[in-house]
S.K.: 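Shown below is the structure under consideration.
In this text, all values refer to a predicted model and were calculated from it rather than measured experimentally.
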Amino acid sequence: MTTEANSSLHFIRQIVADDLKSNKHNGRVVTRFPPEPNGYLHIGHAKAICLDFGMALENNGECHLRMDDTNPVKEDVEYIDSITADVRWLGFDWGKHFYFASDCFGQMYDACEELIRKGKAYVCALSQDDWKDYRGAPPAPGKESPWRNRPVEESLDLFHRMRAGEFADGTLCVRARIDMASPNLHLRDPVIYRILHSDHPHTGDKWCVYPTYDFAHPLEDAYESITHSLCTLEFEVHRPLYDWVIDNLDHLPSRPRQYEFARLNLTYTVMSKRRLLELVQEGRVNGWDDPRMPTICGMRRRGYTPESIRNFAEVIGVTKYESLTDVALLEHCVRNDLNLRAPRRMAVLNPLKLVIDNFPEGQTDEFDAVNNPEDAAAGTRKVKFSRELFIERDDFMENPPKKFFRLAPGQEVRLKYACLVKCTHVVKNDAGEIVEVHCTYDPASRGGNSPDGRKVKGTIHWVSAPHAIKAQVRLYDRLFTVEDPMAQAAAEGKDYRDYLNPHSLEIVTGLCEPALADAQPGDRVQFERIGYFSIDPDAQPGKLAINRTTTLKDSWSKMTEKA
Ligand code: ATP
Ligand code: MG
């Protein structure tokens with residue numbers, strides 16, 4: 001698999017291209033992204049968004065953003081706002097095409113009435129439990145509801161009275177009259193309207209009857225003149241019902257078609273809104289935008305760029321096969337993008353003091369540091385240097401193994417951008433821990449050159465102790481310890497929460513070079529040799545909070561190199 005966004009001709013692109021060629025929809029491409037506003041969007045939705053908006057963009061079409069708000073019970077305005085913000089942040093624009101399914105409740109009600117009038121729907125009084133027996137299980141045919149053949153006038157009257165609020169939830173419903181012997185359960189007289197005495201975030205108390213998803217969705221698509229209604233594979237078995245609804249109503253403005261593709265599943269996370277809501281409500285993460293969450297707002301806060309997510313969506317492609325995508329591929333896309341745009345800075349996350357004994361006390365030097373080797377236009381900056389520095393504790397070993405090229409007693413190392421230093425001795429505390437490493441520097445190596453061409457293999461990063469600024473650094477790891485928490489929980493008779501990674505968040509105090517003082521929330525940097533980081537919105541003047549976006553270790557590249 002290549003990670004170049006190569007605009008592969010996946011099957012949806014092929015279908016759209018063929019339809020344009022045959023002028024099936026008069027040369028129009030109209031798609032929609034139809035989230036139910038009952039949670040925050042996740043990376044799976046991002047795949048759908050990139051596909052829906054992408055097909056429209058590529059073909060001079062339009063893509064509608066539609067709140068599929070037919071279920072009043074679980075929906076909330078908070079979610080609507082987050083959804084629009086996330087789609088915008090991903091870089092897509094729906095123009096004037098922002099819709100609510102609930103704006104069409106009147107038309108849907110009329111459509112249901114039309115079906116009843118045509119004898120294609122009826123009001124049924126079977127309870128949900130009884131219905132299970134009636135519906136039966138293929139290959140055996142189901143049993144007809146005793147209300148299936150009730151006179152049209154009676155059904156119409158009951159439907160009107162359902163709407164007027166005369167009946168309690170669950171007592172009556174409207175069923176499409178299709179085929180009780182169908183091998184497809186969805187065609188065995190499915191419910192199309194139900195009673196729900198519940199206020200709706202958008203229509204208030206106007207309605208106490210609501211259409212089901214299966215009835216509403218094809219109608220929404222038709223009312224908006226959608227040409228290609230793209231959804232995930234679980235809706236494939238619903239498609240005959242989708243087509244039935246469209247085919248049995250007169251005067252619909254258009255004839256939409258539904259196409260299904262495989263949903264995105266990612267390793268080391270869960271992706272259903274219900275599970276994500278549980279994690280938030282139970283306080284297992286710090287909200288929907290916790291950087292460990294697979295939500296779009298979580299990834300934004302973590303420092304992922306919209307470009308990297310769009311590239312990821314292109315690279316994974318669109319197929320008809322269920323699969324589990326390695327999160328390392330997503331991280332690889334993030335790294336590739338940040339490599340080009342993130343300025344380099346130095347920071348030490350696990351500090352050890354380094355004292356340069358032959359550098360004059362109280363004196364400061366300054367070195368030029370390259371801001372981004374991938375981007376000449378990013379220029380250089382000055383980095384302050386002094387007698388006392390901090391280096392990464394890992395970069396020193398008192399008794400190093402053979403191939404340890406960093407700092408050790410008697411060993412010489414390059415301090416990036418600055419000079420060569422050689423370790424003379426260490427100072428320990430009473431507990432025997434090293435608290436200071438002492439060195440001498442070679443004045444002829446200013447700028448980090450090797451003056452006489454002598455070999456110095458290791459280069460380490462550093463910050464100047466008197467100049468460094470403190471930051472709270474949040475080191476994120478995978479949220480779960482196993483690749484597929486849902487599947488593993490099912491296989492082992494456990495709960496998916498049993499696999500939460502107790503070390504998914506570690507907070508340390510880092511020391512950063514002074515250039516970080518100007519960083520704004522949302523800014524992204526590469527801390528040299530450590531990883532990509534982004535400034536958290538929690539940051540306040542003088543109080544930096546920084547999220548680790550990814551480490552530098554690219555396990556995806558490693559895997560693909562081996563393969
Ligand atoms: P979830 O299953 O996570 O609760 P959902 O399917 O209920 O999500 P919707 O709001 O109904 O969420 O989804 C909006 C659109 O996003 C639908 O067209 C759906 O098919 C698509 N979608 C949802 N999850 C994924 C996914 N993991 N991969 C690709 N597309 C997805
Ligand atoms: Mg859904």
S.K.: Anything under 30° is parallel, anything over 60° is perpendicular, the rest tilted; go ahead and classify H64 against H97.
M.R.: parallel
S.K.: Going by an N to O cut-off under 4.0 Å, is there a salt bridge joining R406 and D394?
M.R.: no
S.K.: Can you confirm whether L354 sits close enough to W462 that some side-chain heavy atom of one is under 4.5 Å from a side-chain heavy atom of the other?
M.R.: no
S.K.: For the residue pair Y417 and F367, is the inter-centroid distance of their aromatic rings smaller than 6.0 Å?
M.R.: no
S.K.: Check step by step if side-chain contact (heavy atoms from CB on, under 4.5 Å) holds for T549 and L338.
M.R.: CA-CA 10 Å; T549 310; L338 291 180; 3.9 Å; yes
S.K.: Please identify which of these residues, E528, H461, R381, Q526, meets the side-chain contact (heavy atoms from CB on, under 4.5 Å) condition with R345.
M.R.: R381
S.K.: Between T440 and N358, is there a donor-acceptor pair closer than 3.5 Å when you use the side chain of the first and the backbone of the second?
M.R.: no
S.K.: Measure from the ring center of F33 to the ring center of F92 and say whether it is less than 6.0 Å.
M.R.: no
S.K.: Any donor-acceptor pair under 3.5 Å linking the side chain of E361 with the backbone of F359?
M.R.: no
S.K.: Could you check whether any side-chain N or O of N372 sits under 3.5 Å from a backbone N or O of P343, counting only pairs where one atom can act as donor and the other as acceptor?
M.R.: no
S.K.: With no hydrogens and no angle check, just 3.5 Å: does a side-chain donor-acceptor pair link N547 and Y476?
M.R.: yes
S.K.: Taking NZ, NE, NH1 and NH2 as the nitrogens, is one of them in D368 or K382 under 4.0 Å from a carboxylate oxygen of the other?
M.R.: yes
S.K.: Below 4.0 angstrom, N of the basic side chain to O of the carboxylate: do R341 and E307 qualify?
M.R.: yes
S.K.: Should D52 and R66 count as an ion pair when the cut-off is N to O under 4.0 Å?
M.R.: no
